[in-house]
Amino acid sequence: MDALITNAAEPGKGAGAGSPGWFDPHTPPDGPRPHHEGDGAAAPSRPVRPIRPVGTGAGRNGDPGPALPRPGPAQDAAGARHHPEPPARQQPPPRAEVRPRSRPPSADAQLIRRTMEEVAPVADKTTSYFYALLFIRHPELRELFPAAMDSQRDRLLKALLTAAEHIDDAEILTEYLSHLGRGHRKYGTRPEHYPAVGECLIGALTRYASAVWNDEVEGAWVRAYTVISQIMIDAAAADEKHAPPWWQAEVVSHEPRTSDIAVVSVRPDQPYPFLAGQYTTLETPWWPRVWRHYSFASAPRSDGLLVFHVKAVPAGWVSGALVHRARPGDVLRLGPPGGSMVVDHSTDNGLLCLGGGTGIAPIKALVEDVAQHGRRRAMDVFYGARSDHDLYDLDTLLGLAQSHAWLSVRPVVSHGRGEGGLHGPLPEIVQQYGPWPEYDAYLSGPPGMIRSGVDTLVRGGMPSQRIRHDLIEELVAAGP
């Protein structure tokens with residue numbers, strides 16, 4: 001997701017102080033120690049509890065202990081993307097849902113959350129110190145990261161918070177971490193890199209959670225990181241058998257729609273299986289190792305082309321390059337597909353779709369997907385934008401609505417009088433047309449619109465398990 005990140009996850013209970021180590025703990029090398037402005041304390045020198053050995057998914061020896069269950073064939077999140085059949089015939093990947101807990105948090109979960117509460121006020125310092133430790137102790141890993149770390153620095157803590165939220169939910173955590181493990185292949189991450197990351201993570205927590213840190217807390221984090229890294233390593237090893245770490249993709253067309261939005265079509269160098277409604281990560285030649293998320297704006301096509309809608313945002317390195325600099329013939333790199341905002345074709349439920357701004361891209365892909373399946377399912381699309389001028393793809397959607405009687409498209413603008421007279425916040429307009437008792441909802445757009453939309457639909461009586469979205473900032477994975 002789109003920077004190299006590490007996460008904390010469900011702890012196991014098998015690692016002990018005398019178990020064999022992933023690495024031999026050591027003190028920082030001679031020379032300058034990592035130092036954060038305003039902190040005069042030296043790096044922690046007390047040894048870190050060893051972490052269990054890790055393999056590549058096969059041939060490991062020893063009992064890992066009763067930690068997070070290993071994903072079996074039915075849980076393998078790689079299934080949909082690696083199935084030999086064309087993507088259109090694949091089953092949608094399972095949607096992770098937060099289920100009520102039947103038992104109180106585990107002891108390790110409580111210790112880890114207590115640590116997170118302690119470091120939250122000093123999140124910036126903790127993250128900076130982690131990277132300082134990593135790059136000084138293991139300078140060979142610096143090349144895996146982008147040259148500028150300003151957008152990268154926050155993602156570690158976000159990933160930790162995401163994992164901590166589901167620390168006792170093996171299914172959700174396994175799906176989340178498996179996706180990260182597969183995605184990290186594009187950075188050149190290898191199994192031997194994980195011990196260094198774990199060592200420096202523990203070092204940073206030791207320093208900035210000193211008020212609650214003790215041997216018991218350290219043990220919980222060591223067990224957690226052992227399980228996390230193993231899931232990610234195994235997922236990467238499984239993925240390596242079926243897919244490359246990245247795809248090269250040549251830009252074949254670049255169509256400006258507004259001053260800051262362009263529709264970009266690319267041709268990958270080899271088949272790229274994905275499902276309508278999913279997203280990928282893109283890297284441009286102008287900003288190496290800087291990846292950003294973009295949703296596919298079409299269902300899988302017979303010509304193999306991939307289409308993206310890109311809006312240049314202020315200080316957006318990748319988006320600015322794709323809108324203002326990319327031209328046919330330029331070569332981009334693509335990471336693996338991800339996301340759960342896909343249509344369940346086993347039901348006849350109607351489809352309620354909210355697309356804000358360039359968030360209309362995956363909604364358009366879903367429309368094409370339903371049309372390709374040839375089933376007449378009611379589909380109501382609400383296309384929101386700030387003004388009429390920002391409804392850059394409205395003509396395409398209205399054309400689809402003319403071709404398919406089951407499709408309704410309603411443009412909504414938040415400023416001024418929109419076409420069709422619909423104006424105001426998109427979720428409120430959708431609520432006026434409700435309720436939606438026999439519909440599944442799909443939301444794509446700015447994070448605020450998604451949150452407001454979900455709240456509105458739930459208040460209107462729609463069960464949360466029938467609402468799908470991929471809020472990138474919460475996926476971390478983010479997050480490029």
Side-chain angles (χ1 to χ4, degrees), residues 92-102 158 161-162 164-166 169 171-172 175-176 277 279 295 339-344 346-367 370 377-387 390-391 397 401 406-476:
R95 176 167 175 76
E97 300 172 3
V98 179
R99 296 176 299 279
R101 300 191 186 281
S102 58
K158 289 182 179 179
L161 291 173
T162 300
E165 180 183 358
H166 304 299
D169 195 316
E171 182 179 350
I172 290 179
E175 180 180 349
Y176 173 64
Y279 60 84
S295 295
S340 61
M341 203 182 78
V342 298
V343 173
D344 180 0
S346 66
T347 177
D348 291 324
N349 287 351
L351 305 175
L352 171 63
C353 301
L354 285 66
T358 52
I360 199 64
I363 301 302
K364 177 173 173 285
L366 295 180
V367 172
V370 172
R377 298 175 61 179
M379 191 167 189
D380 289 70
V381 174
F382 289 81
Y383 179 10
R386 183 177 178 83
S387 67
D390 298 315
L391 296 170
L397 289 167
W406 43 264
L407 174 63
S408 172
V409 176
R410 298 182 178 93
V412 181
V413 298
S414 58
H415 292 69
R417 302 291 300 187
E419 296 188 31
L422 298 181
H423 62 96
L426 182 59
E428 293 182 9
I429 298 297
V430 173
Q431 185 180 33
Q432 294 174 14
Y433 279 82
W436 306 90
E438 303 298 330
Y439 279 72
D440 295 332
Y442 295 79
L443 293 79
S444 177
M449 186 219 81
I450 293 179
R451 294 193 190 95
S452 176
V454 171
D455 290 344
T456 299
L457 292 174
V458 170
R459 287 198 307 269
M462 180 175 287
S464 59
Q465 64 267 23
R466 287 168 53 185
I467 303 175
R468 293 177 180 267
H469 62 84
D470 288 317
L471 188 52
I472 299 301
E473 69 175 19
E474 292 181 358
L475 295 174
V476 186

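Here the structure is a predicted model, which is why all the values come from computation and not from measurement.
Without hydrogens or angle criteria, R468 side chain to V343 main chain gives no donor-acceptor distance under 3.5 Å. Side chain of R377 to main chain of N349: a donor-acceptor pair is present (N/O by atom type, distance under 3.5 Å, no hydrogens or angles). Distance alone, capped at 3.5 Å, is enough to place a donor-acceptor pair between the T456 side chain and the S452 backbone. Panel note: side chain W436, backbone G460; no donor-acceptor pair is recorded below 3.5 Å.
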Next on the checklist: Using side-chain contact (heavy atoms from CB on, under 4.5 Å), reason through S340 and D470 one step at a time and then give a plain yes or no.
Outcome noted: CA-CA 7 Å; S340 61; D470 288 317; 3.5 Å; yes

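Taking the side chain as every heavy atom from C-beta outward, L457 and L443 approach each other to under 4.5 Å. Inter-residue side-chain proximity for L366 and M379 is flagged as met; some heavy-atom pair is nearer than 4.5 Å. Side-chain contact between Y433 and L352 is absent, with no heavy atoms from C-beta onward closer than 4.5 Å. Annotation: side chain of I360 is not in contact with side chain of L391 (no heavy-atom distance under 4.5 Å).
Applying the salt bridge (Lys or Arg N to Asp or Glu O under 4.0 Å) test to residues at least two apart or on different chains, none of the pairs has a partner in residues 424-436. For residues 349-364, the set of pairs meeting the salt bridge (Lys or Arg N to Asp or Glu O under 4.0 Å) definition, not counting sequence neighbours, comprises K364-E368.
Under the side chain to side chain donor-acceptor pair (under 3.5 Å) criterion, D390 pairs with S387, not counting sequence neighbours.
The nearest pair of heavy atoms linking G355 to M449 is C-SD, 4.5 Å. Here the shortest heavy-atom pairing between L397 and Y383 reads CD1-CD2, 3.6 Å. Among all heavy-atom pairs drawn from D344 and T347, the shortest one is O-CG2, 3.3 Å. Taking all atoms of both residues into account, the shortest heavy-atom contact from A365 to G277 is CB-N, 4.1 Å. Contact record, V430 with F382: CG2-CG, 3.6 Å, taken as the closest heavy-atom pair. Of all the heavy atoms in M462 and A441, the pair that sits closest is SD-CB, 3.5 Å.
A distance of 11.0 Å separates OG in S414 from NE2 in H423, rounded to the nearest 0.5 Å. How far CG of L422 is from CD1 of I429: 5.5 Å, rounded to the nearest 0.5 Å. Note that the CG atom of D169 and the OH atom of Y176 stand 14.0 Å from one another [nearest 0.5 Å].
Judged purely by distance below 3.5 Å, without hydrogens or angles, the side chains of D380 and Y439 pair a donor atom with an acceptor atom.
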